[in-house]
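Starting from 1, each residue takes its place in the sequence as its number.
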Amino acid sequence: AISAVAAGAIDVGNTALESAPAPSKKPTFFGVSLSTVDAKDKQGFILYGTGTAIAAPMATFAKSRLHAKSVSITYPSNIPAEVEGTNIVKAALEYEGIKKVYSAGFTSSDTNLTEPFDAAHAGKTTLFIAFNSGGPACSHTYLTLKSLGIHTQALVNGPCDTPTVAKADGGQLPAGWYYAQAV
């Protein structure tokens with residue numbers, strides 16, 4: 001009895017969501033698409049852009065406004081949209097001429113991110129990017145940076161601007177973080 005499906009920016013479960021209305025050929029409308037699955041949906045309509053439109057501008061901002069010379073990126077490696085977004089940012093950083101780009105993933109259940117931060121050379125680059133979609137990963141990022149004594153400027157996704165992160169920082173959002181959002 002529905003005429004269409006309106007979907008938000010979805011990280012996980014896109015295939016299941018899109019296969020449900022497929023037999024009825026009901027359209028699914030995405031404001032922003034975070035998954036390559038969405039672009040392949042014959043009944044899907046993406047109104048405001050794909051992961052590239054959201055992630056790539058982080059590199060332009062990193063280069064032109066933050067004057068990054070080298071970048072560390074961490075991301076939840078068990079969320080396909082986060083892996084795709086990280087790859088887009090890495091490619092865009094390299095396009096911008098930033099040659100030293102290091103990245104490392106972690107699972108969304110990890111709370112101590114010391115190992116992936118070390119693997120991504122966090123604290124040894126001029127910019128740290130936390131590419132994740134908010135929630136506990138943001139507060140775990142902040143707490144790990146704090147425990148390691150890393151004060152490199154940080155660029156994070158807009159969803160890290162949440163009460164969860166503020167709570168991890170004693171009631172305030174981390175000072176000096178840049179919050180990127182493109183819609």
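T144 contributes no side-chain N or O that, together with a main-chain N or O of T141, makes up a donor-acceptor pair within less than 3.5 Å.
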Using a 3.5 Å cut-off and no angle test, enumerate the donor-acceptor pairs between side-chain atoms of residues 56-71 and protein atoms at least two apart in sequence or in another chain.
| from | atom 1 | to | atom 2 | distance (Å) |
| --- | --- | --- | --- | --- |
| T60 | OG1 | E96 | OE2 | 3.0 |
| S64 | OG | T60 | O | 2.7 |
| S70 | OG | T126 | N | 3.1 |

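Here disulfide bond (SG atoms under 2.5 Å apart) pairs that include residues 38-151, with residues two or more places apart or in two chains, are C138-C160. Applying the side-chain hydrogen bond (donor to acceptor under 3.5 Å, both in side chains) rule to pairs touching residues 108-118 yields N78-S108, T107-S109, T107-D110, N112-T114, sequence neighbours excluded.
Within the 4.5 Å cutoff, the side chain of S103 has heavy atoms near those of the K90 side chain. For the pair V89 and I129, the minimum side-chain heavy-atom distance is below 4.5 Å. Using a 4.5 Å heavy-atom threshold, the side chains of N157 and Y179 count as separate.
Going from atom CZ of F131 over to atom OG1 of T86 covers 5.5 Å, rounded to the nearest 0.5 Å. In this structure, NE2 on H151 lies 10.0 Å from CG on L148, to the nearest 0.5 angstrom.
The aromatic rings of F117 and F128 lie tilted to each other, with the angle between the two planes from 30° to 60°.
Taking hydrophobic clusters as Ile, Leu, Val, Met, Phe, Trp and Tyr residues chained together by side-chain heavy-atom distances below 4.5 Å, V156 shares a cluster with L143. Linking Ile, Leu, Val, Met, Phe, Trp and Tyr residues whenever their side-chain heavy atoms come within less than 4.5 Å places L93 and V83 in a single cluster.
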Query - Working for side-chain contact (heavy atoms from CB on, under 4.5 Å), residues E94 and I98 - result: CA-CA 5 Å; E94 291 167 1; I98 299 171; over 6 Å; no
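Residues forming a ring-ring contact (aromatic ring centres under 6.0 Å, His included) with F29 (at least two apart in sequence, or on another chain): F45. For T125, the side chain to side chain donor-acceptor pair (under 3.5 Å) partners two or more places apart in sequence, or in a different chain, are S72. In terms of the ring-ring contact (aromatic ring centres under 6.0 Å, His included) criterion, Y75 has no residue partners (sequence neighbours excluded).
Minimum interatomic distance between A104 and A119 (heavy atoms only, all atoms of both residues): CB-CB, 3.7 Å.
Each of N132, T74, L113 was checked for a side chain to side chain contact (heavy atoms under 4.5 Å, CB included) with H140, and the lone residue meeting it is L113.
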